[in-house]
S.K.: 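I'd like to ask you about the structure that follows.
Remember, it's a predicted structure, so these values are computed and weren't measured experimentally.
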Amino acid sequence: MSTPHVVVVMGVAGTGKTTIGPLLADALGVPYAEGDDFHPPANIAKMSAGTPLDDADRWPWLDAIGRWAHGRAGLGGVVSSSALKRSYRDRLRAEAPGAVFLHLTGDRSLIEERMAGRKGHFMPTALLDSQFATLQPLEDDEAGVAVDVSGTPEEITQRAVAALRRLDS
């Protein structure tokens, strides 16, 4: 990429944000921040109990991610955030106007299979339906790209880098 963007790796739980984010950051030569680390303990407890977050839960979390992204403006960085709704992405852009979004997309059955196989994560597969119900894909006026999550993490990362480079063309 010709300019150091802050890339927000977005998508429903289980699409690989935590796997692809660091690989993408490494490929771009910029730091990575794990979006889950910005959640307050109450959010983690709520999700661990199988209760979806509401917008009041998400605003402080999104603001914290946005502040990190703002601090990386002009320097570049990669951060993960589900960013499922347009209003959430707008909230992130309010803090970091130059942010671009990488939407990891995929077949629900593949995502559920991957979620069932991961260890030590607080997000249960029971919340996947609520994630898909909430998801509003990127709109034409939003800076970003969608990349399918089939294949290996390395293949997905290669597709992501290529797609993000096309944004700068």
Side-chain angles (χ1 to χ4, degrees), residues 1-39 52-53 55 58-108 110-111 114-115 123 127-128 130-169:
M1 295 172 60
S2 62
T3 57
H5 293 288
V6 173
V7 179
V8 179
V9 181
M10 63 168 281
V12 299
T15 53
K17 297 180 295 289
T18 299
T19 300
I20 302 305
L23 292 172
L24 179 63
D26 188 53
L28 298 176
V30 297
Y32 171 73
E34 170 56 52
D36 287 341
D37 293 344
F38 294 90
H39 275 297
L53 299 179
D55 286 353
R58 286 187 183 94
W59 297 139
W61 172 65
L62 290 166
D63 291 344
I65 292 171
R67 284 189 298 276
W68 183 89
H70 176 81
R72 298 298 312 163
L75 303 171
V78 174
V79 63
S80 60
S81 170
S82 52
L84 298 177
K85 288 184 180 179
R86 170 71 186 247
S87 62
Y88 304 162
R89 296 187 298 272
D90 289 345
R91 185 96 175 205
L92 290 168
R93 276 190 294 269
E95 289 283 340
V100 298
F101 292 85
L102 171 64
H103 182 186
L104 298 178
T105 64
D107 178 71
R108 189 196 184 288
L110 172 65
I111 294 167
R114 288 182 179 175
M115 281 183 78
M123 179 68 86
L127 290 182
L128 191 55
S130 73
Q131 293 258 304
F132 272 106
T134 302
L135 177 63
Q136 297 171 345
L138 288 172
E139 296 179 27
D140 290 341
D141 65 332
E142 293 185 90
V145 294
V147 172
D148 183 77
V149 296
S150 58
T152 67
E154 293 76 17
E155 291 167 338
I156 298 163
T157 302
Q158 288 174 356
R159 286 195 303 269
V161 169
L164 289 165
R165 285 200 171 120
R166 285 191 296 274
L167 280 180
D168 282 341
S169 307

S.K.: Atom CG in L92, atom CE in M10: separation rounded to 0.5 Å?
M.R.: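 Rounded to the nearest 0.5 Å, the CG-CE separation comes out at 10.0 Å.
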S.K.: List the residues meeting side-chain contact (heavy atoms from CB on, under 4.5 Å) with E154, not counting sequence neighbours, and say none if there are none.
M.R.: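 With neighbours one apart ignored, the set is T152.
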S.K.: Counting C-beta onward and ignoring hydrogens, is there a side-chain heavy-atom pair between V78 and V30 closer than 4.5 Å?
M.R.: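 The answer is yes; the side chains approach within 4.5 Å.
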S.K.: Is the backbone N or O of P97 less than 3.5 Å from a side-chain atom of R93, with the two atoms forming a donor-acceptor pair by type?
M.R.: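 Between the backbone of P97 and the side chain of R93 there is no qualifying donor-acceptor contact (under 3.5 Å).
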S.K.: Using 30° and 60° as the class boundaries, would you call the ring planes of H39 and W61 parallel, tilted or perpendicular?
M.R.: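 H39 vs W61 ring planes: parallel.
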S.K.: Would you indicate whether D141, at its atom CG, is surrounded by more than 12 heavy atoms from other residues, nucleotides or ligands within a distance under 6.0 Å?
M.R.: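 Counting other residues, nucleotides and ligands, CG of D141 exceeds 12 neighbours.
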S.K.: Answer yes or no: is there a side-chain heavy-atom contact under 4.5 Å between L102 and V145?
M.R.: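 In contact.
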S.K.: For the CG atom of D148 and the OG1 atom of T15, what is their distance to the nearest 0.5 Å?
M.R.: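 So the CG of D148 and the OG1 of T15 are separated by 10.5 Å.
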S.K.: If the condition is side-chain contact (heavy atoms from CB on, under 4.5 Å), which residues does A94 pass it with, not counting sequence neighbours?
M.R.: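 Testing A94 for side-chain contact (heavy atoms from CB on, under 4.5 Å), a comparison that skips the adjacent residues, returns none.
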S.K.: Give a yes or no on whether the backbone of H70 and the side-chain of E95 come within a donor-acceptor separation of less than 3.5 Å.
M.R.: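 No.
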S.K.: Would you mind reporting whether K85 and D55 have side-chain heavy atoms less than 4.5 Å apart?
M.R.: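 Yes. Closest side-chain heavy atoms under 4.5 Å.
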S.K.: Keeping K17 on the side-chain end and G11 on the backbone end, is there a donor-acceptor pair under 3.5 Å?
M.R.: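 Yes, the answer is positive, given that a donor and an acceptor are paired below the 3.5 Å cut-off.
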S.K.: Between OG of S150 and CG of D107, what distance do you get to the nearest 0.5 Å?
M.R.: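 Those atoms lie 9.5 Å apart.
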S.K.: If I compare all heavy atoms of P31 with all of W68, which pair ends up nearest, and what's the gap?
M.R.: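 Residues P31 and W68, closest heavy atoms: O-CH2, 4.0 Å.
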S.K.: Where the side chain of R58 meets the backbone of L53, is there a donor-acceptor pair that is under 3.5 Å apart?
M.R.: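 A pair under 3.5 Å: yes.
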S.K.: So which heavy atom on R89 is nearest to which on L84, and how close?
M.R.: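 Looks like NH1-O, 3.3 Å.
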S.K.: Using every non-hydrogen atom in the two residues, find where V8 and S81 come nearest and quote the distance to one decimal.
M.R.: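 Scanning both residues, the minimum pair turns out to be CG1-CB, 3.9 Å.
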S.K.: If you round to the nearest 0.5 Å, how far is CD1 of I20 from OG1 of T157?
M.R.: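 Output value for this atom pair is 4.0 Å.
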S.K.: Drop me the distance from I156's CD1 to L24's CG, to the nearest 0.5 angstrom.
M.R.: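 Nearest 0.5 Å value for the CD1-CG distance: 11.5 Å.
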S.K.: G66 and A96: which non-hydrogen atoms are nearest, and at how many Å?
M.R.: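 Closest approach of G66 to A96, heavy atoms only: O-CB, 4.1 Å.
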S.K.: Using side-chain heavy atoms (C-beta onward) and a distance below 4.5 Å, is H5 in contact with D168?
M.R.: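 The answer is yes, as the side chains (C-beta and beyond) meet within the 4.5 Å cut-off.
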S.K.: I need the R159 CZ to L104 CG distance, nearest 0.5 Å.
M.R.: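 These two atoms lie 10.0 Å from each other.
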S.K.: Y88: what forms a ring pair (Phe, Tyr, Trp, His ring centres under 6.0 Å) with it, not counting sequence neighbours?
M.R.: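 Y88 satisfies ring pair (Phe, Tyr, Trp, His ring centres under 6.0 Å) with W59 once adjacent residues are dropped.
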S.K.: Might you point out which heavy atoms bring F101 and A83 nearest each other, and give the distance in Å?
M.R.: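 Between these two residues, the closest heavy atoms are CE2-CB, 4.3 Å.
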S.K.: Would D90 and R86 count as a salt bridge (Lys or Arg N to Asp or Glu O under 4.0 Å) if you check the C-alpha gap in whole Å, the side-chain angles of each, and the deciding distance to 0.1 Å?
M.R.: CA-CA 6 Å; D90 289 345; R86 170 71 186 247; 3.0 Å; yes
S.K.: Ignoring hydrogens, what is the shortest heavy-atom contact between E34 and T18? Give both atom names and the distance.
M.R.: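 Heavy-atom minimum between the residues: OE1-OG1, 2.9 Å.
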